[in-house]
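Counting starts at 1 for both ligands and their atoms, following the listed order.
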Amino acid sequence: MVTTAIDVLAADPEVADAIRNEEQRQRFGIELIASENFVSAAVLRAVGSVLTNKYAEGYPGRRYYGGCEYVDVAENLAIDRAKQLFGAEHINVQPHSGANANLAAYLALIDPGDKILGLSLAEGGHLTHGLAVNFSGRLFEAHFYGVDQETGLIDYDVVLQRAKEVQPRAIIAGASAYSRALDYERFREITDEVGAYLFADIAHPAGLIATGLIPTSIPYAHVTTTTTHKTLRGPRGGMIMTSEEFAKPIDKTIFPGIQGGPLMHVIAGKAVAFGEALRPDYRAYTKQVIENAGAMSDTFVERGMKVISGGTDTHLLLLDVDTLGLSGKQAEKALDKVGITVNKNTIPGDPRPPTQASGIRIGSPAVTTRGFGVDESRWVANLIVDILQQPEDERVLARAHEEVLSVSGRFPLPGLPSV
Ligand SMILES: *Cc1c(COP(=O)(O)O)cnc(C)c1O
């Protein structure tokens, strides 16, 4: 019998079972979804604390409820630590999610009906950057730039050309499936040239930016938004960073604009995670994240596979699986059978619809947290190619599943008692 942190839920066996099963899935699988990570025991503890009971509408020292003296401490710690990590003048740690952070950034600086220009979803962007069915596409007139079909890279001359054609009020620099560092300085030159605001959405690479391993958006963007749960390795949530100039409109747009009471337990978790990210071992972690993604990418290329843009500067890569005659959906399913979790993803110029896609997105943050180094990264990349070359061969799948179980058993999940 495995003891888990969830035994306290014995009174509700149905929910306890769901949590226990998810715990086992995480423990015995290889998590390669680029937007996921494993938080520390300390972050889990903060998020599962009595701070969830507290209403604290407003901001530290200016609340609409009594009894906020201790949650104020937690929120101020989160803000101060985030400032140390990113060097921004003003930070709001209350957004419930990355999507909320983006909604607030838009509503604070531009008006419904205005034009926005973002990276198209099909070529690496995010749904909050103008997708028709998202609030961003419903509230604003959304226009898009893409990546170069040959190189898979953003061509900044093309972005400038699009900006001149569209004359947007804001350009969004950010992506969910782009493996290269962004040139925010160049983006700012472009926005200055057309008189637009620059919104940087660093939801994915935030942790790598915090430790200075890839260039930061902070000096260039009018507003920078992020999630806190991807490479930054905190609890699920969002954050907005800006100069003093936009502090008031941002704060007012989060509360009372789009949110009510902040999630104080999550904000305490953010404070804990930011404290962890300020330590030298987190910098070593982010360095390893990039090395591991690079090792996976190199292995794929050595095995004759096509990696979009030829490699990665970050924590993720996009693998073309059409070269093996597979859709991304089929690849995702075959890998899922052996306990390797990835997501299907469109590739530049994808002939398949997004529900099928021709690629998969692979990220190193979660496995690196578990302790993977370059050897394990090369091992899993080789295993992925073995599986995708023979996705119907039950013997290949059975052997791969055994390897996954044996390797995952050697790398404990943080935050949980070991088996
Ligand atoms: C993940 C992501 C978001 C949204 O984060 P949620 O917390 O899921 O709302 C926003 N922008 C980008 C670029 C992302 O990758």
Side-chain angles (χ1 to χ4, degrees), residues 31-37 39 43 47 82 92-108 116-131 133-137 139-140 142 144-147 154 170-182 184 187 198-210 214 216-217 221 223-241 253-254 258-259 262-263 266-267 269-270 273 289 293 312-318 342-346 354 361-366:
E31 184 54 73
L32 295 176
I33 292 178
S35 48
E36 293 192 12
N37 214 326
V39 299
V43 171
V47 173
N92 187 310
V93 296
Q94 291 193 0
H96 300 333
S97 68
N100 276 25
N102 284 346
L103 176 58
Y106 290 126
L107 293 182
I116 59 172
L117 179 63
L119 179 61
S120 80
L121 183 64
E123 307 212 334
H126 189 260
L127 57 148
T128 57
H129 299 176
L131 186 70
V133 295
N134 182 259
F135 68 77
S136 54
L139 289 178
F140 304 102
F144 300 97
Y145 56 92
V147 297
I154 290 172
I171 296 180
I172 303 113
S176 299
Y178 187 70
S179 64
R180 300 297 180 170
L182 293 182
Y184 301 106
F187 265 113
L198 178 59
F199 292 172
D201 179 350
I202 63 167
H204 261 268
L208 317 178
I209 288 173
I214 59 171
T216 179
S217 61
V223 183
T224 295
T225 55
T226 185
T227 62
T228 50
H229 49 274
K230 298 181 182 176
T231 51
L232 205 45
R233 210 165 65 183
R236 203 151 279 285
M239 179 160 87
I240 306 178
M241 300 180 270
T253 306
I254 282 291
I258 65 162
Q259 292 188 171
L263 312 176
V266 177
I267 289 172
K270 290 172 182 173
V289 163
T312 178
D313 306 327
T314 64
H315 61 294
L316 69 81
L317 63 95
L318 258 185
V342 303
N343 62 279
K344 63 178 174 293
N345 212 106
T346 50
R361 188 183 65 159
I362 295 178
S364 60

> What pairs with Asp313 under side chain to side chain contact (heavy atoms under 4.5 Å, CB included), at least two apart in sequence or on another chain?
Replying inline: Arg180, Ala181

> For Leu131, what residues pass the side chain to side chain contact (heavy atoms under 4.5 Å, CB included) criterion, not counting sequence neighbours?
Replying inline: Leu121, Leu127, Val133, Asn134

> Would you say the side chain of Tyr184 lies within less than 4.5 Å of the side chain of Thr216, judging by non-hydrogen atoms?
Replying inline: no

> For Phe140, what residues pass the ring pair (Phe, Tyr, Trp, His ring centres under 6.0 Å) criterion, not counting sequence neighbours?
Replying inline: Tyr106

> For the residue pair Thr228 and Gly238, what are the closest heavy atoms and their distance?
Replying inline: OG1-N, 4.1 Å

> Does the pair His126 and Asp201 meet the rule for a side-chain hydrogen bond (donor to acceptor under 3.5 Å, both in side chains), with working shown?
Replying inline: CA-CA 9 Å; His126 189 260; Asp201 179 350; 5.1 Å; no

Please tabulate protein-ligand N/O pairs under 3.5 Å for ligand 1, atom names and distances to 0.1 Å.
residue  : atom   : partner : partner atom : Å
ligand 1 : 7 (O)  : Gly98   : N            : 2.9
ligand 1 : 9 (O)  : Gly98   : N            : 3.4
ligand 1 : 9 (O)  : Ala99   : N            : 2.8
ligand 1 : 11 (N) : Asp201  : OD1          : 3.4
ligand 1 : 11 (N) : Asp201  : OD2          : 2.5
ligand 1 : 15 (O) : Ser176  : OG           : 2.8
ligand 1 : 15 (O) : Lys230  : NZ           : 2.8

